[in-house]
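All figures in this text were calculated on a predicted structure; none of them were measured in a lab.
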There are 2 protein chains.
Amino acid sequence: MAKSVARLKDIAEQTGFSVNTVSLALRGSARIPDETRAVILQTAERMNYLPNQVAQSLVRRETRSVGLILTDLKNPVLTAVAQAVELELSKRGYTTLFATSNNILSREAEMIETFRSRRADGMLIFPCSHRQLDHIRALRNRNYPVVLLVGDPDARIDAVCMDERAGAFKAVAHLINNGHSNVALIDGAALLGNTEKQEGYLRAHAMMGLTPDPRLMLDPKGASVAAGFWAMDELRGRKVHFSAVFAANDSLALGSLRYCCKNGLRVPEDIAIVGFDNIEFAEYAVTPLTTINYDVMRVTKLAIERVLELIGAAGELPEARVTQVEPELVVRESSSWRYVATG
Amino acid sequence: MAKSVARLKDIAEQTGFSVNTVSLALRGSARIPDETRAVILQTAERMNYLPNQVAQSLVRRETRSVGLILTDLKNPVLTAVAQAVELELSKRGYTTLFATSNNILSREAEMIETFRSRRADGMLIFPCSHRQLDHIRALRNRNYPVVLLVGDPDARIDAVCMDERAGAFKAVAHLINNGHSNVALIDGAALLGNTEKQEGYLRAHAMMGLTPDPRLMLDPKGASVAAGFWAMDELRGRKVHFSAVFAANDSLALGSLRYCCKNGLRVPEDIAIVGFDNIEFAEYAVTPLTTINYDVMRVTKLAIERVLELIGAAGELPEARVTQVEPELVVRESSSWRYVATG
DNA sequence: GCCCATAGTATTATCGTTAATACGCTACAT
DNA sequence: ATGTAGCGTATTAACGATAATACTATGGGC
């Protein structure tokens, strides 16, 4: 905290009015005559006074701050979420307390406790695991406003999120419809309990009466471009035929694409690739990437409205609601050489 | 703020001890016998007590929070900075207050005031403009601990940062040394007053006795891949010969690369490209990108140490110091077809 | 001239915590 | 027995603001 900043008391001493009069004047009370207010305002200005929000928070019993806990910022989509959250919150006079869990459950729990201790009015959480949510549910049960950014309709916790299952379904169905009956899956999230994309992948197969070879489902051990590159190499080593790849995010997909490039595999002729998230680099890749897109800004706004609604709720929190936004498939060259021919 | 949370007073009433005894017991004072402490600890646990940091901050006159203001999070390097800052601060028991200025000076000033009002113990700022720093200097002059993440040795404000001028110099000197005497510059930062990279570009030319054609210096009007694509098109339209491009960040460079790809220009044979920042996508591009790399984690750690040092300083702040970390050139195929031949 | 409404300002309590100090009791030395 | 050291706990006053209430002039009505 900056050393020696002006307080109401200092302004009071300077002007000769009481602390309360100064407080009322600065807050624009009608009980203070214009002349008095002018003197006080001017003195406050001169002394560079800014209300101490710590003291205000104590007496008002609200901090006007919201905690944001993400897994990490390596994924450009989470980055976009972070920025959108901060923007929307600050528009509404709230400050963002920020933390990352690095996919470590204990760290997630720790950051939640930190924010609770700081009396954040509410929290937005992108949980490490979409299944282990007991610590978050406990929070909600104690009437703390929490909104998850990935949702499980059965979790009994509010959530506003993109429907990953539907997105994965669309991606894989698109590949199967384009004649690919052997689609590989590059996705490591299932190990953390986040099986939505895998479920979409399986459901798309089931719908078409196909059963994917389990050897085509690979954990890339990371979410980076390098991991995608490695995963592709590993898949090829398994000697199981596949003509298409669905990667759980665009970084992985771009890594796969790079692998193909380097190893003389044509995309999409030899291997079709579909990513997820529609990051900017996807569109400008050697072979523009087919991917799953959703409106980050819209989801974020809804999430913020939800958390502010919970914060505003008097007494008991309302019943938890899960809002899932349907993502859309963006078809580009990497999945459709017909598209190459015509486009 | 969550409704009705346990306070020291509640524990005091439950156990029959006074508030102060409870406070001392929870903080592990030696004056409290083990038996008393055990009772209090157990009751606190049962009531799910967590100290109210708002009240603590008020009485301790420090919030153990640091404000982080970035321009935006679209640049993966700033993202990495944000994550590293949060990690390092939380290791040291500090919370990160986060905001973005979107390169709008008034918003930057506003967020600074917000954090000051919240009594953040210090701030780390990536300013929109490296020249208009009066509002930040004023803060420092009032003894507020601030550390900039881009530095001007003459600004009389502490800074820990990468030496952008030196980085740009290395990039352009590398191109010139490889036989490119007409190097284009794609960089829009100079309009905001951030001329470091441009200066490096000019200095590299001057050093070699060259004067760049001003028509080869282009403002891409943005920092995205799309902007880089557009800039390349614009440059070619100017009908001034150039055989190499230095782009102010890797997104711009990847956009340029994509343009070349699409328009039959070979990289590096027809056009050499050098980027800046060494984001992961640079390495895995069609033509791996030569770029400027620096150790984000190291710079971040130094910056945090500096701000905590300022926070810890009793009385007047010490003289401002600017620490610049030298970045390094990472040569890949995009700038050197000799490298292609051998590598 | 007196009462009362009202405008303008001050007083006091409060938020949840910490810090300094005070108090009461036991035990011990003298 | 008596002063005193020390231990365990309580009391009180901050921190910087807000909110409810309490004063104190002043002016108007009769």
- Query: Pairs in or reaching into residues 18-34 of chain A: which pass side-chain hydrogen bond (donor to acceptor under 3.5 Å, both in side chains), with residues at least two apart or in two chains?
  - Reply: A:Ser18-A:Thr21, A:Ser23-A:Arg27
- Message: Between A:Thr71 and A:Thr100, does the side chain to side chain contact (heavy atoms under 4.5 Å, CB included) criterion hold? Intermediate values first, please.
- Response: CA-CA 5 Å; A:Thr71 51; A:Thr100 51; over 6 Å; no
- Start and end of chain A contact along DNA chain C [non-hydrogen atoms, under 4.0 Å]: C:dG8 to C:dG16
- For A:Thr95, all residues meeting side-chain hydrogen bond (donor to acceptor under 3.5 Å, both in side chains), sequence neighbours excluded: B:Arg118
- Note on the structure: Tightest non-hydrogen contact, residues A:Leu105 and A:His135, listed as CD1-CE1, 3.9 Å
- Query: Between which nucleotides of DNA chain D, read 5' to 3', does contact with chain B run, using atoms under 4.0 Å from its heavy atoms?
  - Reply: D:dG8 to D:dG16
- Once you round to the nearest 0.5 Å, how far does CG of B:Leu87 lie from NZ of B:Lys301? 8.5 Å
- Kindly write out the residues that satisfy ring-ring contact (aromatic ring centres under 6.0 Å, His included) with B:Tyr94, not counting sequence neighbours, or none if the list is empty. none
- Considering residues at least two apart in sequence or located in another chain, which fulfil the side-chain hydrogen bond (donor to acceptor under 3.5 Å, both in side chains) criterion with B:Arg92? B:Glu88
- Message: Does B:Arg298, at its CZ atom, have more than 12 non-hydrogen atoms belonging to other residues, nucleotides or ligands within less than 6.0 Å?
- Response: no
- Item | Those residues of residues 22-42 of chain A lying under 4.0 Å from DNA chain C by at least one heavy atom | A:Arg31, A:Pro33, A:Thr36
Distance-only check: which donor-acceptor pairs under 3.5 Å involve side-chain atoms of residues 150-157 of chain B, not counting sequence neighbours?
from, atom 1, to, atom 2, distance (Å)
B:Asp152, OD1, B:Asp154, N, 3.0
B:Asp152, OD2, B:Arg131, NH1, 3.4

- Task: Using the test side-chain hydrogen bond (donor to acceptor under 3.5 Å, both in side chains), find all partners of A:Asn103 that sit at least two apart in sequence or belong to another chain.
- Result: none
- Note on the structure: Sorted by chain and number, sequence neighbours left out, ring-ring contact (aromatic ring centres under 6.0 Å, His included) with B:Phe115 holds for none
Show which side-chain atoms of residues 38-51 of chain B pair as donor or acceptor with protein atoms under 3.5 Å away, not counting sequence neighbours.
from, atom 1, to, atom 2, distance (Å)
B:Thr43, OG1, B:Val39, O, 2.7
B:Arg46, NH2, B:Gln14, OE1, 3.4
B:Asn48, OD1, A:Arg116, NH2, 2.6

- Message: Roughly what angle, to 10°, lies between the helix axis at the start of the helix from C:dG1-D:dC30 to C:dT30-D:dA1 and the one at its end, five pairs per end?
- Response: 70°
